[in-house]
Amino acid sequence: MIIPGGVDPETIERLKREQIELSKKLQLKDIRPVQDIRYVAGVDVTFTDIWKKETVAIACITVIDIKDNFKEVETVFSEREIDFPYIPTFLAYRELPPVLDAYEKIRSEVDAFIIDGMGILHPRKMGIASHFGVITGEISVGCGKSKLVGQFEEPENKNLSYRPVYIDGEKRGYILRTKKNTKPIFVSPGNNISVDSSLELVIKCLNGYKLPEPTRKAHNRLQEYRRKKYA
DNA sequence: GCGACAG
DNA sequence: ATCTTGTCGC
């Protein structure tokens, strides 16, 4: 039986078990002091033909030197046809393949990766940022624009106000308001970094906008790449 | 049973 | 995520 636009229940269960297995490889302590992190890569993915089941995913990774006025060091792209649909808590199975393609193209030095989406702020601690971090062994942080799971109190309406986000009473990340009168973002460790250091790193990557500069730059580069290719 | 649900 | 310009408010 084929489910249009979906995935069979057996596959879902298999992927769940895979996430649980991968989560055993998580390392949530700092392998490096945050103050030593200089080259931070922003990772983002966009799509074309999203109304069809088989769409083209375009991934972008932009490396930013946060110790030299947020200078753009390198930017790489990668395209790939995708068939796996968007299913909450299984985002990695849709977006990670193109991201890994782009990852292989990077030639410059990178200290840490900030990825759109969640890290361990996920039911099985395997958001796309954690999945990426466990597979590559890199330092990774998840930075999402909306909530997936977790309990928290609303941060005050002022710049750099934040609150911890819990799952089963365990602190898994932070909700952070990066600007006054702006919707807060969700930060959590992907791999090889702690919950608190993840927040610290994202704050150091802010450059006056809602999103951290690496993420913002990758997103902007993607938009111009996509519309240029169509026109 | 009902609502929630990254991109 | 994507389709899309201007517009209202802090």
Side-chain angles (χ1 to χ4, degrees), chain A residues 5-7 12 15-16 19 23 42-61 77-100 102 113-133 140-152 155-159 161 165-168 172-191 198 202 208-212 215-216 218-231:
Chain A
V7 177
I12 291 296
L15 297 182
K16 268 187 195 174
Q19 289 181 324
S23 72
V43 181
D44 194 18
V45 180
T46 192
F47 301 87
T48 60
D49 310 317
I50 61 165
W51 296 118
K52 313 176 73 175
K53 180 175 181 178
E54 307 217 342
T55 80
V56 175
I58 310 171
C60 175
I61 298 182
F77 298 93
S78 182
E79 292 185 48
R80 179 172 194 136
E81 210 169 78
I82 297 299
D83 53 22
F84 199 92
Y86 166 66
I87 303 174
T89 74
F90 296 98
L91 179 65
Y93 294 95
R94 175 172 169 82
E95 300 195 349
L96 207 49
V99 166
L100 292 175
F113 292 76
I114 295 182
I115 303 175
D116 267 34
M118 304 303 167
I120 63 169
L121 205 42
H122 176 282
R124 295 168 291 281
K125 300 189 177 183
M126 264 297 153
I128 186 168
S130 293
H131 204 132
F132 173 87
S140 62
V141 171
C143 182
K145 295 179 288 296
S146 58
K147 173 200 172 188
L148 173 60
V149 288
Q151 310 121 212
F152 56 87
E156 298 174 272
N157 184 21
K158 63 181 184 183
N159 188 39
S161 161
V165 179
Y166 299 90
I167 294 181
D168 300 324
R172 296 278 196 92
Y174 284 97
I175 175 170
L176 166 70
R177 194 176 316 268
T178 55
K179 288 169 66 73
K180 190 174 191 292
N181 296 318
T182 295
K183 192 180 172 196
I185 62 178
F186 292 80
V187 178
S188 61
N191 195 28
S198 298
V202 167
Y209 298 92
K210 172 179 177 175
L211 299 176
T215 298
R216 178 171 169 273
H219 190 268
N220 288 338
R221 287 284 180 244
L222 266 182
Q223 299 309 316
E224 65 177 33
Y225 176 97
R226 187 162 55 76
R227 67 177 172 74
K228 181 176 293 184
K229 187 148 192 172
Y230 179 74

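Convention: sequence-line order gives letters A, B, ...; per-chain numbering from 1.
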When you list every nucleotide of DNA chain B with an atom under 4.0 Å from a heavy atom of chain A, which one comes first 5' to 3', and which comes last? B:dC5 to B:dG7

Pairing stems for DNA chain B [at least three consecutive pairs; Watson-Crick or G-U; under 3.5 angstrom]: none

With sequence neighbours left out, the residues meeting side chain to side chain donor-acceptor pair (under 3.5 Å) with A:Thr46 are A:Arg226

Per-nt protein contacts along nucleotides 4-10 of chain C (heavy atom under 4.0 Å; B base, S backbone sugar-phosphate only, - none) come out as ------S

Restricting to side-chain contact (heavy atoms from CB on, under 4.5 Å), what partner residues turn up for A:Glu79, sequence neighbours left out? A:Val56, A:Ile58, A:Tyr225, A:Lys229

With sequence neighbours excluded, residues passing side-chain contact (heavy atoms from CB on, under 4.5 Å) with A:Cys143: A:Ile114, A:Ile185, A:Pro212

Reading 5' to 3' and counting Watson-Crick or G-U wobble pairs with both distances under 3.5 Å, write the dot-bracket notation for DNA chain C, | for bases paired outside the strand. ..........

Just call it for A:Ile87: base, sugar-phosphate, or nothing, with non-hydrogen atoms closer than 4.0 Å on any strand. nothing

Which part of the nucleic acid, if any, lies within contact of A:Gly127, taking any heavy atom under 4.0 Å across all strands shown: a base, the sugar-phosphate backbone alone, or nothing? base

Mind checking what makes side-chain contact (heavy atoms from CB on, under 4.5 Å) contact with A:Asp44, not counting sequence neighbours? A:Asp116, A:Ala218, A:His219, A:Leu222

Using the ring-ring contact (aromatic ring centres under 6.0 Å, His included) criterion, which residues pair with A:Phe90? Sequence neighbours excluded. none

Quick one: which residue pairs count as a salt bridge (charged side-chain N to carboxylate O under 4.0 Å, His left out) with a foot in residues 173-188 of chain A, not counting sequence neighbours? A:Glu154-A:Arg177

Side chain to side chain donor-acceptor pair (under 3.5 Å) filter on A:Thr89, not counting sequence neighbours, yields A:Arg124

Listed partners of A:Leu96 passing side-chain contact (heavy atoms from CB on, under 4.5 Å), at least two apart: A:Ala92, A:Val99, A:Leu100, A:Ile128, A:His131, A:Phe132, A:Ile135

